[in-house]
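Here the structure comes first, spelled out in structure tokens, and everything after it is commentary.
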Amino acid sequence: YHSMETSSAPRRFGTWLRRAREDRHLSPELLAETVGTSGMTIRRIEEGNADPPLSLVAKLVVALELDIDRICYGQKVVALRRAEPRAAVG
């Protein structure tokens, strides 16, 4: 049993990958050569027919110079600073 969100994750990642690759004017084969895989693997990931291992995702992030927060969370993540405790008056 797969939830809809789980089963659609490879498709969402593939859509994101294709957009990032095309924005950089790279063919699937050139990107594949850069990260050490095949053009067929890149196409299968983009089509949502393959779920890449984390090691390949990491190589793709580096090769495409992407923000990992956007991949994981879909948006830029801003770190929140904790308020410093105030000194006791007295």
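Every value quoted in this text rests on a predicted model; they were computed, and no experiment measured them.
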**OP:** Treating Ile, Leu, Val, Met, Phe, Trp and Tyr as nodes and any side-chain heavy-atom pair under 4.5 angstrom as an edge, say whether M40 and L56 lie in one connected cluster.
**Re:** no

Original post:
Among all residues two or more places apart in sequence or in another chain, which pass the side-chain hydrogen bond (donor to acceptor under 3.5 Å, both in side chains) test with S38?
Top reply: T41

**OP:** For R21, check salt bridge (charged side-chain N to carboxylate O under 4.0 Å, His left out) against everything at least two apart and list the hits.
**Re:** E46

Original post:
In terms of hydrophobic clustering (I, L, V, M, F, W, Y; side-chain heavy atoms under 4.5 Å; direct or indirect links), are L30 and I45 co-clustered?
Top reply: yes

**OP:** Keeping to residues at least two apart or across chains, list the salt bridge (charged side-chain N to carboxylate O under 4.0 Å, His left out) pairs with something in residues 48-64.
**Re:** none

Subject >> Pairs where residues 24-38 contributes a residue and the test salt bridge (charged side-chain N to carboxylate O under 4.0 Å, His left out) is met, not counting sequence neighbours >> reply: E29-R43

Subject >> side chain to side chain contact (heavy atoms under 4.5 Å, CB included) partner of L26, the single match among I42, L64, T34 >> reply: L64

Original post:
When you measure from the side chain of R44 to the backbone N and O of N49, does any donor-acceptor pair fall under 3.5 Å?
Top reply: yes

**OP:** Name all residues meeting the side chain to side chain contact (heavy atoms under 4.5 Å, CB included) criterion together with E22; count only those two or more places apart in sequence or in a different chain, and write none if there are none.
**Re:** R18

